[in-house]
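Written below as structure tokens is the structure these notes are about.
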Amino acid sequence: MLGVDDDALVYYFFFFTTFLSCLKSSDGGIHGLGPFLAKEAPGCLKERSLQDFQGKKLAIDASMAMYQFLIAVRSTGENGVAQPLTSASGEETSHLQGFFWRTIAMVKAGIRPLYVFDGKPPSLKSGEIASRNLRRDEGAKRLQEATEEGNVEEMNKFAKRTTRVTKQHAEECKRLLRLLGVPTVDAPSEAEAQCAALAKNGLVYASATEDMDALCCGSPILVRRLTMSEARKLPVLEYHLDQVLSSLGLNMTQFVDFCILCGCDFSETIKGIGPKSALHGIRKHGNIESFIESLNTSKFVVPDPFPIDEIRQLLTTPEVVDMGNLSIDWNAEPDEEGLIEFLVKEKGFSEKRVRGGLEAIKKAKMVKPQGKLDMFFSPKKTTPQASTLLNSTFAATNESLPADREDLKRGLSSTSAADQKPAKRSRGRKASASK
DNA sequence: ACTCTGGGTCTAGACGAG
DNA sequence: TGACCCAGAGT
DNA sequence: CTCGTCC
């Protein structure tokens with residue numbers, strides 16, 4: 001009896017602290033970093049159109065896309081309640097529908113996507129996860145209430161809030177992508193960190209995710225708003241890490257500290273300190289510790305668990321796939337019959353649409369050089385100048401060349417970003433400068 | 001008056017026919 | 001999850 | 001462009 005109570009108490013205490021530690025955070029990624037950079041460091045931001053990504057390889061965070069598709073791709077049932085699309089046997093297919101069309105659109109646009117899937121979250125994220133679960137439970141409860149009241153609007157609202165991405169969703173998306181000939185990578189831990197590592201090592205041009213912490217994980221370039229529908233109205237955005245650093249007047253180490261103060265998934269923040277104060281503080285004092293020392297402790301309360309060093313480690317040296325062992329097949333052929341079997345036979349998609357979509361992919365891939373031109377140019381070790389030339393001249397045919405001219409001119413950036421793309425020929429390896 | 005923070009809110013895809 | 005708006009505290 | 005439909 002006593003033992004049981006003790007265990008319960010310990011468990012409860014743990015839960016309570018993690019719960020508290022994230023009550024506020026409500027913000028994945030780095031809190032407010034996007035708007036802050038837009039305002040305070042507009043130079044790091046470039047507006048792009050889809051054309052600009054012709055031939056470029058992008059590492060895309062798959063989790064976020066799955067989540068959004070599951071929430072947004074719904075059809076109205078008889079009682080007026082929106083429900084996910086399903087196969088005849090009742091399995092959700094919204095995520096597949098979304099991935100299918102979005103991927104086709106990207107390939108058609110000349111983009112070479114690589115989808116990165118989440119692994120196990122770091123243990124420091126348990127607080128954030130607990131809070132999400134809490135929010136989900138809350139949603140489930142209110143969904144129940146709304147259902148009893150027959151309030152359709154509320155039902156739709158809270159049904160979305162209970163949405164969760166499962167292992168099965170992810171496996172099905174991977175299967176679909178494999179059949180489409182699109183490469184995937186399983187991140188051992190966080191997807192954004194893996195995207196950043198791929199970009200840092202030159203295996204892709206940039207990380208494509210809404211999550212700003214790819215930047216503080218060292219992705220030289222972060223691409224946001226890369227969704228086709230949005231792109232028609234709003235430009236795609238590119239954040240350049242080297243210019244973030246120079247605009248803010250921070251080195252990479254200081255930038256990471258700045259991000260931690262802004263608030264990330266791994267701890268609470270010091271209330272009263274937002275991006276503005278954090279920037280001034282880090283500029284003046286150099287690091288979090290010194291900044292904290294300068295604070296009036298009666299006014300500013302440092303969160304109780306505040307494992308600065310661990311958080312720094314998660315952001316600067318996150319767990320990622322060993323690049324040396326990573327082989328990515330960028331030229332896999334789509335498997336038409338396999339795709340029909342999966343989407344049409346198993347999931348009830350329209351065969352006509354599936355074949356039509358696949359046709360579009362094949363055609364788009366055909367347009368690419370895929371052969372001679374590549375072989376002709378690839379052996380060259382491109383100097384920055386040379387690649388700039390190549391970039392502007394053959395942008396449509398060659399793959400992911402580095403950024404643009406202005407970027408190359410400013411080669412500052414204390415850490416990464418120095419190593420530009422190796423020319424073609426993926427296969428594992430990448431020399432790897434840094435670290 | 002102005003700035004910053006934080007707490008609340010709402011919203012969330014893509015195709016293609018007409 | 002992010003973006004937007006407003007209240008309130010601080011300067 | 002709007003709106004119904006995708007499964």
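Throughout, protein chains are lettered first and strands after them, A, B, ... in sequence-line order, and every chain is numbered starting at 1.
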Can you check the distance between D:dC7 and B:dG18, where both ends of the measurement are the C1' atom (answer in whole Å)? 23 Å

Reading nucleotides 1-7 of chain D from the 5' end, what letters show protein touch, with B for base, S for backbone sugar-phosphate only, - for no heavy atom under 4.0 Å? -----BB

To the nearest Å, give me how far apart NZ (A:K233) and C1' (B:dA12) are. 12 Å

What nucleotide among B:dA14, C:dA3, B:dT5 has an atom nearest to a side-chain atom of A:P275? B:dT5

Salt bridge or not for A:E341 and A:R175, using N-O below 4.0 Å? no

Check whether any side-chain N or O of A:S277 sits under 4.0 Å from OP1 or OP2 of B:dT5, and answer yes or no. yes

In whole angstrom, give me the gap between the P atoms of C:dT1 and B:dC15. 25 Å

Across the strands shown, which category fits A:R224 at heavy-atom distances under 4.0 angstrom: base, sugar-phosphate, nothing? sugar-phosphate

Short side-chain N/O contact to B:dG13 OP1/OP2 from A:R102, under 4.0 Å: no

Base, sugar-phosphate alone, or nothing: which one does A:L96 contact when heavy atoms must sit under 4.0 Å apart? nothing

Does the A:D52 side chain pair with the main chain of A:S49, one donor and one acceptor, at a distance under 3.5 Å? yes

Rounded to whole angstrom units, what separation is found between the CZ atom of A:F36 and the P atom of B:dC4? 8 Å

Using only side-chain N and O atoms of A:K299, determine if any of them is under 4.0 Å from OP1 or OP2 of C:dT11. yes

For C:dT1, does OP1 or OP2 lie under 4.0 Å from any side-chain N or O of A:R136? no

If I take atom CG in residue A:N296 and atom C1' in nucleotide C:dG10, what distance separates them, rounded to the nearest angstrom? 13 Å

May I ask you to check whether A:H280 and A:S277 show a side-chain donor-acceptor distance below 3.5 Å? no

Rounding to a whole Å, what distance do you find between A:R161:CZ and C:dG2:P? 16 Å

Separation between CE (A:M66) and NE2 (A:H95), nearest 0.5 Å, reads 8.5 Å

Between B:dA12 and D:dT2, how far apart are the two P atoms, rounded to whole Å? 15 Å

Which nucleotide in the set B:dG13, B:dG6, C:dT1 lies at the smallest distance from any side-chain heavy atom of A:A72? B:dG13

State whether A:K365 and A:E333 are salt-bridged, where the test is any N-O pair (Lys NZ or Arg NE/NH1/NH2 against Asp/Glu carboxylate O) under 4.0 Å. no

Interatomic distance, A:I104 CD1 vs B:dG13 P [rounded to whole Å]: 18 Å

The criterion is side chain to side chain contact (heavy atoms under 4.5 Å, CB included); which residues satisfy it with A:I71, sequence neighbours excluded? A:Y67, A:K160, A:T163

Does A:K363 come within less than 4.0 Å of A:E359, counting only side-chain N to carboxylate O? no

Whole angstrom is fine here: how far is it from CG in A:L70 over to C1' in B:dA14? 15 Å

Tell me yes or no: between the side chains of A:S87 and A:S89, is some donor less than 3.5 Å from an acceptor? yes

B:dC10 OP1/OP2 closer than 4.0 Å to side-chain N/O of A:K157: yes

In this structure, how many angstroms lie between the C1' atom of C:dA3 and the CG atom of A:L234, rounded? 12 Å

